[in-house]
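Note sheet for the following structure.
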Amino acid sequence: MDITIEKENGVSVIAVCGRLDTLNYNDFDSSISKIIDNGDTNILLDCSKLEYISSSGLRVFVKTLKTLN
C-alpha cells in the first residue's frame, strides 16, 4: 500500500494505492490520525487506485467518520 497526502485548496487529499488490509491498516490509521490531530477536518480519501480493502481497512474509514462528526 502506498499513501500520498497532498493539500489542495484547504483540503487534505489522501490517496491510497494498492491493498489496504490487516497487514497495513495501522499505517493508514496513523496517517489519517496525524492529519486530524493537526486540526485538518476537510479530508478527501482518494480510493481510485485501491485494489482491495479488508474489514480492518473499512474500520479505519468508519473510525475517521465518527471522529470527524
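Basis for what follows: all heavy atoms, side chains included, without hydrogens, waters or symmetry-related copies. Everything quoted here is computed from the prediction, not taken from an experiment.
Around CG of Asn69, the count of heavy atoms belonging to other residues, nucleotides or ligands within 6.0 Å exceeds 12.
One distance of note links CG of Leu58 with CD1 of Ile53; it measures 4.0 Å at 0.5 Å rounding. Taking OG of Ser31 as the start and CD1 of Ile36 as the end, the distance is 11.0 Å to the nearest 0.5 Å. Between the CD1 atom in Ile43 and the OG1 atom in Thr64 there is a gap of 7.0 Å [rounded to 0.5 Å]. Of the inter-residue distances, the one linking Lys49 atom NZ with Thr4 atom OG1 reads 8.5 Å to the nearest 0.5 angstrom. Here the CG-CD distance, from Asp21 to Glu51, works out to 11.0 Å after rounding to the nearest 0.5 Å. Once rounded to the nearest 0.5 Å, the distance linking CG of Leu44 with CD of Glu8 reads 8.5 Å.
Taking the side chain as every heavy atom from C-beta outward, Ile5 and Lys34 never approach each other to under 4.5 Å.
Here the closest heavy-atom approach between residue Ile32 and residue Ile14 is recorded as CG1-CD1, 3.8 Å. The shortest non-hydrogen separation linking Ile3 to Phe28 is CD1-CA, 3.7 Å. The two residues Asn42 and Gly10 come nearest to each other via the heavy atoms CB-O, 3.7 Å. Heavy-atom minimum distance, Asn24 versus Arg19: ND2-O, 2.9 Å. The two residues Thr22 and Ser56 have their closest heavy-atom pair at CG2-OG, 3.2 Å.
The cluster map of Ile, Leu, Val, Met, Phe, Trp and Tyr, joined by side-chain heavy atoms under 4.5 Å apart, puts Leu23 and Val16 in different clusters. Hydrophobic clustering (ILVMFWY, side-chain heavy atoms < 4.5 Å, transitive): Leu45 and Val11 are in distinct clusters.
Between the Asn38 side chain and the Ile35 main chain, no donor and acceptor come within less than 3.5 Å of each other.
Taking the six-membered ring wherever Trp is involved, the centroid distance between the rings of Phe61 and Tyr25 does not fall below 6.0 Å.
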